[in-house]
Amino acid sequence: GENVEQHPSTLSVQEGDSAVIKCTYSDSASNYFPWYKQELGKGPQLIIDIRSNVGEKKDQRIAVTLNKTAKHFSLHITETQPEDSAVYFCAASLFTGTASKLTFGTGTRLQVTL
Amino acid sequence: DTGVSQNPRHKITKRGQNVTFRCDPISEHNRLYWYRQTLGQGPEFLTYFQNEAQLEKSRLLSDRFSAERPKGSFSTLEIQRTEQGDSAMYLCASTPRGWGTDTQYFGPGTRLTVL
C-alpha cells in the first residue's frame, strides 16, 4: 500500500517568513495529493490539493508543487501569519473516479511567532 | 451547507463497553469515509460508503467494529467490547456525488477515551 513520509515534524518561523513542508510517497500510481490544516480540537480542513497532471498550484499565500519523478510534493506558505499556526498534513491517494482512500503523513506542527 | 457533523464530540467509556458514533455528511454527498486518528499521527482510513453500500474496509477495522449507512445519508460506527487501544479521534468525511469529485470534507471528530 501507499506510504507517505512528511518532514519536518515541527517548524517554527517568524511572522512574515515563508514555511515549506515536504512529503514523499511510495506508490507511483497515486494521482491526488491534498493538504489539510488541523487546529486543536477540530477536524482536518482542506487548504489546497493538486493532481498528478499538474506540477504546481497556487492559491493566494499557499502553493503546492509536485515532482512525480521523484515522488515528492511540497507545501509553501508565504508571508506567514499567527493564524497559520496549526498542524499540517499531506496525503496521497489513487483516485479511481469513484473513491479516494487517503493515506496521510504524520503531520507538521507549524508555529508562527511574532 | 452546514458541514459534516459528528456526535458525540467526546465519549468516555470503560473497557468492555460498546459505543456508537454518528456522522451526518454534507447534504447530498453520496460518499462517506471513516478515519481514525491517534495522538501525534495522521488520520488512518477505516472504511467508506457509496450511498448505502460499504465498498471497502481497512484491516484496521477488526470484527469488533461495524459501520452502517442504512439509507445512504447518516452513518454510524459501532465499537463492541472496547479496548484501551481504541482510544482515538474518529473522523468522518464526505465527498460530493459525481465523477471526478474527490475532495473530502471532514467533520470535527469524536474523541473516544477508553478507561
Side-chain angles (χ1 to χ4, degrees), chain A residues 1-10 21 23-25 27 29-54 57 59 64 75 86-110, chain B residues 3-10 21 23-26 29-51 53-61 69 88-111:
Chain A
E2 177 66 275
N3 182 51
V4 176
E5 294 189 355
Q6 183 171 349
H7 300 281
S9 56
T10 60
I21 302 171
C23 289
T24 59
Y25 60 99
D27 188 349
S30 289
N31 60 5
Y32 176 60
F33 308 92
W35 285 88
Y36 285 86
K37 174 184 180 183
Q38 188 172 29
E39 298 175 321
L40 200 60
K42 297 184 178 180
Q45 176 190 8
L46 180 75
I47 55 172
I48 196 167
D49 57 10
I50 192 168
R51 300 177 193 281
S52 58
N53 59 346
V54 175
K57 184 177 178 180
D59 182 4
V64 57
L75 177 72
V87 180
Y88 291 80
F89 291 98
C90 61
S93 75
L94 170 60
F95 178 56
T96 61
T98 56
S100 186
K101 181 177 66 177
L102 296 173
T103 300
F104 285 82
T106 49
T108 296
R109 182 173 298 279
L110 173 65
Chain B
V4 177
S5 62
Q6 293 187 246
N7 288 287
R9 294 292 311 277
H10 303 274
F21 311 140
C23 170
D24 287 86
I26 295 172
H29 280 199
N30 68 330
R31 291 195 293 278
L32 186 149
Y33 300 78
W34 284 99
Y35 290 83
R36 182 173 71 184
Q37 184 177 26
T38 53
L39 219 56
Q41 300 296 315
E44 296 174 289
F45 170 80
L46 292 178
T47 188
Y48 95 92
F49 292 83
Q50 180 159 301
N51 300 312
Q54 187 174 17
L55 297 185
E56 187 171 349
K57 292 192 290 186
S58 161
R59 289 174 298 171
L60 292 175
L61 217 64
R69 195 182 182 198
M89 174 81 87
Y90 290 85
L91 294 162
C92 175
S94 68
T95 301
R97 68 178 65 249
W99 184 266
T101 54
D102 49 0
T103 301
Q104 295 186 28
Y105 299 90
F106 281 82
T110 294
R111 180 166 295 285

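Side chains included, hydrogens not; waters and symmetry mates left out as well; all remaining heavy atoms used. To find a chain, count down the sequence lines: A is the first, B the second, and so on, and within it residues start at 1.
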Review point. Taking every heavy-atom pair that is under 4.5 Å apart, which of E56(B), R111(B), E44(B) has the most such pairs with chain A?
Key: E56(B)
Revision key, fill the gap. Separation between CG (L46(A)) and OG1 (T103(B)), nearest 0.5 Å, reads 6.0 Å
Check your understanding: Which distance, rounded to the nearest 0.5 Å, do you find between the CG of L102(A) and the OH of Y35(B)?
Key -> 3.5 Å
Check your understanding: Tell me, side chain or backbone of K101(A) under 4.5 Å from chain B's heavy atoms, or both, or neither?
Key -> both
Study note, to complete from the structure: Q38(A) meets the side-chain contact (heavy atoms from CB on, under 4.5 Å) criterion, sequence neighbours left out, with P44(A), F89(A), Q37(B)
